Every structure is written in C-alpha cells, then in structure tokens.
Amino acid sequence: RDIIDKTLFYTTILIFFVAVYEIGFLTDTTDTSALHSVYYAYLVFYFIFFSTKMPGILKNRGRGQKIYMFVIRIVLFVLLIVYLFNVNFGLDAVVGSHGILYRFLTSPELVYLIILATFFIEISKNTFGILISKLRPEALFALSFFVIIFVGAGLLKLPNASTQKISFVDCLFMATSATSITGLQCIDAGEILTPFGQGILLVLLQIGGLGVMTFTCFIAYFFKDTNL
C-alpha cells in the first residue's frame, strides 16, 4: 500500500507539471494528443485506486469522516466517471451535444480541474500537515508567502501568460504586489497579460485578500485526511 501511495503521489506531481507545461508553453496549433493520452492513463490509474477506497468512504460516512471531505471525494469520483465515460463512449446521448454543461464536460478544462484537485489532495496529505506540525506559525507564514509569490511569478513567466516577453523581475513584482494586495503594476496587465495570465493574477489577489496564512491552513486542514 505504501508503494502504491508513493507512486500515486509522485505521479500526480509529474502529471501536474506536464499540464502546466501544456497550458503555459504549447500553442493552440500544437498536437497535444500524446499528452492527453498520458492524462488518460493517469486518471484511469487514479480512478482504480479511488474505487478501492470508495467502500470505506461510504461505510465511514458520518462516522469520524468530515462531511466536506465526503462531498469532495464523491464529486471527484463522479467527475472521473464522467471524464472516462466521455472518452470511451461520448456524452452526446446523455446530456446532448449542445449547451454549457456539454461544453464543460467535454472540454480540456475538466481534465485540468481533475488534475488540479488530485494535486492538491496528494500535496496536502503528504506535505501541508507535516509543515504545520513541524514549523512555528511565524515560520509557516513566511514560507507560505515566499512559496506563493515565487510560484505565481513562475506561472506569470510562462510564455502563454503574456502577449510579449516579461522579465522575471517584473513577474516577481506583480506576484508580490498581488499577494500583498498593494495594487501596484509595472506593466499594463490588461494589455500584456493573456486571459490565462490575468487568471493567475486574480488567483494571487484572492489568496492575498483571504490571507496567505489563512489560505495555507485552510488547504492543509481541508485535505489533511489521509484515507483518500
């Protein structure tokens, strides 16, 4: 079991960075079928692993299992079923071939959402809980602030995050400004940043507004259950 858990953890991290590479570097004209085949293989593996956990999840419902963790597991499990069903059979006969729901369930964004959810779950299980138990609150705050800023700057530096080349110093400045809610900009974000880059900036603003420490503790507490 430990080998499977560790394999799933490292595979999830690898798949997450592959998805970041696709979103951040590849253009719309690039053939990404090979990458999505890799995503499919990973999600099949995760679905099989998840399926072995479902009897215990359903059995322990309401008995020591937090209700929001139960809801998250069920939603993720349903999304995995929808994704695998769409890949193998198609959803036209189920939800029709038109409408917002069909476009979302058949879009690559659903795959990215599932990968992001599995990444947060695996990271939280194996990292956040340890950090909270080992670090003093002030050290955890400083580390959280540091990590979020540098991750945000790295994402803003991705080619697909902007319409022209931006220096890492400018990306670092914008990430710091957004996370600290100062509102300062060294570039015209509306003109230079793509919707992807603007989305990154918006997420950093939300994290900063909520509070870095609050956000870190929330994620760690939310996903700290190791039964998933």
Side-chain angles (χ1 to χ4, degrees), residues 1-24 32 34-88 108-137 139-140 143-144 146-148 150-151 154-155 203 207 212-228:
R1 179 178 177 180
D2 290 340
I3 295 177
I4 295 177
D5 287 340
K6 289 181 179 179
T7 301
L8 188 65
F9 173 67
Y10 291 115
T11 304
T12 300
I13 293 177
L14 177 62
I15 291 296
F16 174 78
F17 282 107
V18 170
V20 170
Y21 168 76
E22 179 192 353
I23 297 172
T32 59
L35 290 179
H36 283 267
S37 297
V38 173
Y39 300 155
Y40 174 76
Y42 161 73
L43 292 177
V44 168
F45 173 62
Y46 200 93
F47 177 76
I48 294 173
F49 172 80
F50 207 168
S51 299
T52 62
K53 300 285 186 179
M54 281 305 296
I57 292 173
L58 295 174
K59 182 179 180 180
N60 295 326
R61 179 169 58 92
R63 293 184 294 178
Q65 182 178 202
K66 298 178 179 63
I67 184 62
Y68 53 77
M69 280 306 304
F70 176 76
V71 172
I72 288 173
R73 289 164 170 167
I74 295 300
V75 170
L76 181 57
F77 190 70
V78 170
L79 289 177
L80 283 168
I81 292 176
V82 170
Y83 166 74
L84 295 175
F85 185 89
N86 176 56
V87 171
N88 291 283
E109 283 72 20
L110 177 64
V111 181
Y112 304 143
L113 178 63
I114 295 174
I115 291 174
L116 181 63
T118 58
F119 176 76
F120 266 117
I121 290 173
E122 293 300 318
I123 286 292
S124 300
K125 285 196 308 179
N126 293 278
T127 304
F128 283 149
I130 297 175
L131 290 177
I132 285 181
S133 63
K134 298 294 184 181
L135 295 179
R136 295 171 61 87
L140 179 63
L143 179 62
S144 302
F146 179 83
V147 170
I148 289 174
F150 270 84
V151 169
L155 292 175
V203 170
I207 293 175
V212 175
M213 188 69 172
T214 303
F215 181 78
T216 304
C217 293
F218 171 76
I219 294 296
Y221 181 77
F222 207 66
F223 295 111
K224 70 179 181 179
D225 197 333
T226 58
N227 292 326
L228 181 59

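Heavy-atom basis, side chains included; hydrogens, waters and symmetry copies ignored. Values in this document were obtained by computation on a predicted structure and should not be read as measured data.
- Using a 4.5 Å cut-off on side-chain heavy atoms (C-beta onward), L116 and Y112 make no contact.
- You'll find the side chain of Y42 stays beyond 4.5 Å of the side chain of V18, heavy atoms only.
- L79 and I114 get closest at one heavy-atom pair: O-CD1, 3.7 Å.
- Annotation: the span from L43 atom CG to L80 atom CG amounts to 6.0 Å, rounded to 0.5 Å.
- For Y39, the ring pair (Phe, Tyr, Trp, His ring centres under 6.0 Å) partners two or more places apart in sequence, or in a different chain, are H36.
- Taken from OG1 in T7 to CD1 in I3, the straight-line distance is 7.0 Å, to the nearest 0.5 Å.
- Side-chain contact between E122 and L8 is present, with at least one heavy-atom pair separated by less than 4.5 Å.
- Residues satisfying the ring pair (Phe, Tyr, Trp, His ring centres under 6.0 Å) criterion with F146, sequence neighbours excluded, are F150.
- Note that OG1 of T32 is 10.5 Å distant from CD1 of I23, once rounded to the nearest 0.5 Å.
- The distance from the CZ atom of F50 to the CG atom of L76 is 4.5 Å, given to the nearest 0.5 Å.
- Considering OG1 of T12 and CD1 of I123, their distance stands at 8.5 Å, rounded to 0.5 Å.
- Contacts of Y40 classified as ring pair (Phe, Tyr, Trp, His ring centres under 6.0 Å), with partners at least two apart in sequence or in another chain: none.
- Going from atom OG1 of T52 over to atom CZ of F47 covers 10.5 Å, rounded to the nearest 0.5 Å.
- For F119, the ring pair (Phe, Tyr, Trp, His ring centres under 6.0 Å) partners at least two apart in sequence or on another chain are F16.
- Listed by chain and number, the residues in a side chain to side chain contact (heavy atoms under 4.5 Å, CB included) with Y21 are F25, L26 (sequence neighbours excluded).
- In this structure V38 satisfies the side chain to side chain contact (heavy atoms under 4.5 Å, CB included) test together with I15, sequence neighbours excluded.
- For the pair V87/Y83, a side-chain contact is recorded, criterion being any heavy-atom separation below 4.5 Å from C-beta on.
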